[in-house]
Amino acid sequence: MALIPEEFVQDLLNRLDIVEVVERYLPLKKAGQNYAACCPFHKEKSPSFTVSPTKQFYHCFGCGVHGSAIGFVMEHEGLSFPDAVEKLAESVGMQLPKSEGRSNDAPRRIQQTSLVDLNTRAMHYYREQLKASPRAIDYLKRRGLSGQIAARFGLGYAPDNWHPLAECFSDYATNAQLNEVGLVIDHADSGRRYDRFRDRVVFPIMDGKSQVIGFGGRIIDQGEPKYLNSPETPLFQKGLELYGLPQARQAIRASNRVLVVEGYMDVVALAQLGVEYSVATLGTACTPEHVKKLMRLADQVVFSFDGDKAGRRAAWRALENSLALANDGKTLSFLFLPQEHDPDSYIREFGKDAFETLIEREALGLVAFMCRELASQVDLDSDEGKAKLMHLAKPLVEQIKAPALGILLRKKLAEMAGMDGGEAAQLLGGVAYGPQQGQAARPNKQEWGNKKKPWNKDGGGFSGERGSWKGRDQENRGAPPPDGPRETRDLAFELLQLLVVAPKYALELPQQALPANPHNPTQKAIVRLVDYVCEQAQPPASGHLLEALRGDDSHAVLNKAFVKSRDSYREGEDAVLGQAWKFALERYLLMMEKPRAAQRLAELARLDFGSMTQEERDEYGRLTMLGRKT
């Protein structure tokens with residue numbers, strides 16, 4: 001059987017309950033949060049086989065077998081992976097994709113090419129055509145692009161002809177998948193077939209796995225439309241994908257920032273001049289799915305738009321789709337360039353440093369941008385205008401779930417409308433903040449006594465007049481795992497165990513803490529796991545994660561980490577698991593920062609202390625303390 005799409009497998013696993021699947025073969029008894037039975041894969045008198053509904057995983061502590069619902073059926077019935085998938089799919093009323101036939105369909109399947117393969121072949125064809133087109137090469141040079149950057153993004157050229165792809169595909173006239181993937185257009189009336197992209201510079205669009213899922217085309221001379229994207233296909237959904245993400249991922253991690261621009265030419269031009277952490281939406285407004293993906297990539301998301309009306313409309317749409325997803329630990333900001341510039345032209349005229357300075361100084365935070373835009377729609381000098389401000393703000397504020405951000409936004413709106421906290425809360429919803437009308441602003445003695453004392457940097461705890469608290473190891477870092485303290489020879493492997501047993505923690509691991517080019521198998525597995533989890537709409541269960549990465553190079557290491565985690569962490573002890581995660585993450589971040597800190601410390605040590613700025617002195621002191629800690 002041909003390869004089954006990963007999306008289908010994950011959809012199937014989401015519809016299955018592993019407890020119900022296993023109970024079709026052997027009786028299970030409730031055992032705490034799990035279910036238990038005697039293992040069907042080896043002889044035993046007392047149950048050591050457990051099934052976890054939370055992780056959607058089975059594991060035998062006797063013989064070590066483990067896996068997902070699909071893996072269980074494969075082991076129990078001796079089926080191949082495709083046969084097990086088909087059997088389980090039938091049990092929940094799902095049908096395998098049409099391209100997946102039985103073994104007797106082999107001749108037909110050999111002739112069929114997957115949609116990804118079609119796009120990949122087209123990309124290579126377009127790249128060869130670019131090399132043979134002085135006109136297209138000259139256009140890219142005039143836009144300031146080098147051959148290296150064109151190769152990095154796989155740029156190509158679609159010749160000015162009706163069906164040049166016929167040179168690439170011998171079955172051009174009859175292959176229905178060429179239309180399905182959007183490479184050709186079949187005219188309904190005349191029955192003619194012709195290429196979608198003609199006389200355009202072509203930008204391959206890749207998904208998170210660097211598979212070619214579509215194309216964008218930019219006209220070289222005058223013409224409409226200036227930009228043309230592949231249509232929606234089984235591979236390509238504009239509301240889910242971001243152009244340039246595979247190429248930008250490393251820089252996003254390093255900077256902990258992702259810049260969202262409007263077009264793929266902006267992405268390529270910015271990368272050419274050193275701003276490599278940019279991505280672009282693809283012919284559609286920024287969707288909630290885009291925002292989810294962006295916020296998983298970095299702690300700072302900057303939307304960059306032109307300063308004209310269209311740019312402001314696009315920014316407002318991005319803001320609306322970000323409100324429900326806003327997080328107190330993330331920064332969403334909006335950068336508006338001068339009306340005569342887009343990111344491409346601005347960075348070419350003023351350079352990388354000026355562009356990044358513009359981001360730092362001019363980008364408006366979510367609260368500031370919302371308040372500015374709302375204020376532009378009302379007259380704040382009149383009571384009616386202030387009332388309208390609160391009326392317009394209410395449905396927006398109600399979407400924000402981030403506690404601190406919600407309070408700050410309500411406070412800002414109250415100040416603009418000349419109201420106190422109680423009045424604003426009454427109109428906008430939420431808890432009243434600050435002193436209310438007629439109440440004292442100073443906290444009473446009891447409130448003051450409950451406030452945290454200043455952090456004692458030298459002692460590693462809070463200090464105050466009544467003594468200091470230095471029990472971070474016991475209080476903050478969490479208790480040791482349930483089986484007692486462990487010697488950790490490989491801190492990265494310990495972290496990987498926790499990530500496999502609780503994939504949700506992948507969203508808490510700062511992207512910049514991941515190595516850019518991991519060589520250690522454990523580090524590679526961490527990066528692969530984090531990338532996969534960040535691509536999903538929500539963190540998968542452990543069983544689903546391992547099933548999804550079954551054929552991945554890192555699967556063996558992930559599997560080993562999961563098996564090891566079963567010896568260290570008991571099912572249902574979420575508090576202990578959370579404490580262990582905090583402890584491991586803190587030590588891991590220190591470990592990852594140490595090489596960079598040592599390099600920076602050496603750079604600062606070469607400077608004359610008297611000539612250092614205060615910022616450099618503070619950094620020198622912090623890095624020195626870090627070296628002592630680690």
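Everything numeric in this text was worked out from a predicted model, so none of it was measured.
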*State whether the number of non-hydrogen atoms from other residues, nucleotides or ligands found under 6.0 Å of Arg142 atom CZ is greater than 12.*
yes
*asked:* Determine whether Leu427 and Glu423 satisfy the following criterion, side chain to side chain contact (heavy atoms under 4.5 Å, CB included), listing intermediate values before the conclusion.
replied: CA-CA 6 Å; Leu427 289 171; Glu423 293 167 339; 5.6 Å; no
Could you tell me whether a side-chain N or O of [X] sits under 3.5 Å from a main-chain N or O of [Y], the two making a donor and an acceptor?
| X | Y | result |
| --- | --- | --- |
| Ser322 | Ala318 | yes |
| Asp328 | Leu405 | yes |
| Arg152 | Gln247 | yes |
| Ser333 | Val302 | no |
| Asp299 | Asn256 | no |
| Glu508 | Lys504 | no |

Heavy-atom pair of closest approach, residues [X] and [Y]:
| X | Y | value |
| --- | --- | --- |
| Pro503 | Val533 | O-CG1, 3.7 Å |
| Pro518 | Lys524 | O-CE, 3.2 Å |
| Glu232 | Gln237 | OE1-CA, 3.3 Å |
| Val258 | Ile252 | CG2-CD1, 3.8 Å |
| Val261 | Pro343 | CG1-CG, 3.9 Å |
| Met295 | Leu325 | CE-O, 3.0 Å |

Say you draw a straight line from [atom1] of [X] to [atom2] of [Y]; how long is it, rounded to the nearest 0.5 Å?
| X | Y | atom1 | atom2 | answer |
| --- | --- | --- | --- | --- |
| Met416 | Met390 | CE | CE | 9.5 Å |
| Lys226 | Arg218 | NZ | CZ | 5.0 Å |
| Tyr346 | Leu335 | OH | CG | 8.5 Å |
| Leu380 | Leu389 | CG | CG | 6.0 Å |
| Leu240 | Glu289 | CG | CD | 6.0 Å |
| Arg317 | Thr287 | CZ | OG1 | 8.5 Å |

*Between Lys388 and Glu384, is there a side-chain N and carboxylate O pair less than 4.0 Å apart?*
no
_Check ion pair Glu262-Arg313 (N to O, under 4.0 angstrom)_ = no
*Would Phe203 and Leu155 satisfy side chain to side chain contact (heavy atoms under 4.5 Å, CB included), going step by step from the backbone distance to the final call?*
CA-CA 5 Å; Phe203 298 75; Leu155 304 192; 3.3 Å; yes
Side chain to side chain, [X] and [Y], heavy atoms closer than 4.5 Å:
| X | Y | answer |
| --- | --- | --- |
| Tyr505 | Leu577 | yes |
| Leu270 | Asp344 | no |
| Leu297 | Arg249 | yes |
| Asn14 | His544 | yes |
| Leu491 | Leu495 | no |
| Leu409 | Cys371 | yes |
| Leu366 | Leu323 | yes |
| Glu241 | Asp207 | yes |

*For Glu224, all residues meeting salt bridge (Lys or Arg N to Asp or Glu O under 4.0 Å), sequence neighbours excluded*: none
_Steps toward side chain to side chain contact (heavy atoms under 4.5 Å, CB included) verdict (Leu294, Val279)_ = CA-CA 9 Å; Leu294 291 165; Val279 297; 3.9 Å; yes
*Does NZ or CZ of Arg528 fall inside the cone over Tyr532's six-membered ring, less than 6.0 Å from its centre and within 45° of the axis?*
no
*Arg200 charged N/C atom sitting above Tyr264 aromatic ring, 6.0 Å / 45°*: no
*asked:* Pair Gln272, Ile347 - check side chain to side chain contact (heavy atoms under 4.5 Å, CB included), show working.
replied: CA-CA 10 Å; Gln272 172 76 62; Ile347 196 170; over 6 Å; no
*Sort and list the pairs that fulfil ring pair (Phe, Tyr, Trp, His ring centres under 6.0 Å) and have at least one residue in residues 277-309, not counting sequence neighbours.*
Phe303-Phe334
*asked:* Would Lys582 and Glu586 count as a salt bridge (charged side-chain N to carboxylate O under 4.0 Å, His left out) here? Give the steps.
replied: CA-CA 6 Å; Lys582 288 175 64 177; Glu586 180 180 352; over 6 Å; no
*Tyr139 versus Arg143, side-chain donor and acceptor atoms under 3.5 Å*: yes
